[in-house]
There are 2 protein chains.
Amino acid sequence: MAPLKYSKQREAILDFLKTRKDHPTADMVYNSLRPDFPNLSLGTVYRNLALLADLGEILRLRVGDGTDHFDADVSPHYHFICSECGSVIDLEMGNIDEIEDIAGMNFDGQICGHVTYFYGKCGACCKSSMS
Amino acid sequence: MAPLKYSKQREAILDFLKTRKDHPTADMVYNSLRPDFPNLSLGTVYRNLALLADLGEILRLRVGDGTDHFDADVSPHYHFICSECGSVIDLEMGNIDEIEDIAGMNFDGQICGHVTYFYGKCGACCKSSMS
DNA sequence: AATAATATCAGTAATCATTACTGTTTTGAT
DNA sequence: ATCAAAACAGTAATGATTACTGATATTATT
């Protein structure tokens, strides 16, 4: 209904996200692209991140630190958030979709998805806190 | 270091939360208490909810709808969020703590917690959408 | 019961992430 | 080359939350 037109800003935002494994926020994307796009608008970054997330080309991560993070890896996987440094890290783990079956056992609605974030102290923070 | 003093506003906020199973937001708490506390301040509600959450007397739920919900039931349990009506519903389900072990298998940090929210269509919305 | 110290309050202003608006520029089809 | 509309930059507005300020309430001490 609303044909999508090309924009080099959107392409740059998606390309940038694909080069990163650290799940940047909108503001990080904005600041990283500013050298190449001196008059890029923060609103453009937000609009395109929302659009790409709606299209399913990226993931929007609400990790609970007050600002959304984004991930160009849309394959099913989970995330860990370090309670100390705040970094968001991919987890390599087997699937746990059976938790939806467990959750649905005594529930009269339809469960069709879940989000899970793991918390704790990341490897780097573990090392640096050893005396 | 900072001795806690009694306040009837804080007591009322906690008491109110204990009467509810629908996980109200700060604004809902505020509006529900206004008849009894005509000059209650929204800031007071926010401050006390944050304080109670820090003390572990209530849970802060970041369900992803942009505004935090609160729960006076601090026993371990999970939540379902209806994608249609937005209601937050307690789930009665067995424990799934083994997902932390699964997540930790190929991870070099320490995992000490997780949050999981289940999404879908609640029982009421399922019924009302049947023609 | 009066006093003093300070936690808490009400009311308001400020902050921060995000979204909406407006007039201009780009895109893509004719 | 022309035109409709998608997208833009820049800015204003929104909404949830937090911080500030001077007044009030609570608690311990006299």
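So that the names make sense, note that chain A is the first sequence line, chain B the second, and so on, each numbered from 1.
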5'-most contact on DNA chain C (nearest-nucleotide basis), B/Lys8 vs A/Ala50, goes to B/Lys8
In terms of the nearest nucleotide of DNA chain D, which residue is placed more toward the 5' end: A/Pro38 or B/Arg62?
-> A/Pro38
Provide, to the nearest angstrom, the distance between the CZ atom belonging to B/Phe37 and the P atom belonging to C/dG11.
-> 14 Å
Sub-6.0 Å ring centroid separation between A/Tyr117 and A/Phe80 | no
Among side-chain atoms of A/Asp90 and A/His23, is any donor-acceptor pair under 3.5 angstrom?
-> yes
B/Leu61 CG to D/dT17 P, in whole Å, measures 12 Å
Would you kindly give the CG-to-C1' distance between A/Asn39 and D/dA7, to the nearest whole Å?
-> 14 Å
Atom-to-atom span, CD of A/Glu11 to C1' of D/dA6 - whole angstrom = 16 Å
Return the value, rounded to whole Å, for the distance between atom CZ of A/Arg47 and atom C1' of C/dC21.
-> 12 Å
Between B/Arg10 and C/dT8, does any side-chain N or O lie under 4.0 Å from OP1 or OP2?
-> yes
Distance in Å, A/Tyr119 OH paired with A/Ile81 CD1, rounded so as to fall on 0.5 Å steps | 4.0 Å
Under 4.0 angstrom, heavy atoms only, what part of the nucleic acid is A/Tyr46 near: base, sugar-phosphate, or nothing?
-> base
Any N/O donor-acceptor pair, A/Lys5 side-chain to D/dA5 base, under 3.5 Å | yes
Any side-chain N or O of A/Gln9 under 4.0 Å from OP1/OP2 of C/dT26?
-> no
Is A/Asp27 touching bases, backbone alone, or none of the nucleic acid, heavy atoms closer than 4.0 Å?
-> nothing
Distance-only donor-acceptor check, side chains B/Asp27 and B/Thr25, under 3.5 Å = no
Using atom CG of A/Leu42 as one end and atom P of C/dC21 as the other, report the distance to the nearest whole Å.
-> 18 Å
Is there a side-chain polar atom (N or O) of A/Ser7 under 4.0 Å from OP1 or OP2 of D/dC8?
-> yes
B/Tyr6 has an atom OH; how far is it from atom C1' of C/dC9, in whole Å?
-> 14 Å
For atom CZ of B/Arg34 and atom P of C/dG11, their distance in whole Å | 9 Å
Walking DNA chain D from its 5' end, the first of B/Leu4 and B/Ala26 to be reached, judged by nearest nucleotide, is B/Ala26
Between C/dG11, C/dC9, D/dA16, which one does the side chain of B/Thr67 approach most closely?
-> D/dA16
Under the side-chain contact (heavy atoms from CB on, under 4.5 Å) rule, what do A/Ile96 and A/Tyr78 come out as? Steps first, then yes or no, please.
-> CA-CA 10 Å; A/Ile96 56 171; A/Tyr78 289 87; 3.1 Å; yes
Look at B/Ser41 and C/dG11 and indicate whether a side-chain polar atom (N or O) is within less than 4.0 Å of OP1 or OP2.
-> no
Nucleotide nearest A/Leu40 when distance is taken to its side chain, options C/dT18, C/dA10, D/dA9 | D/dA9
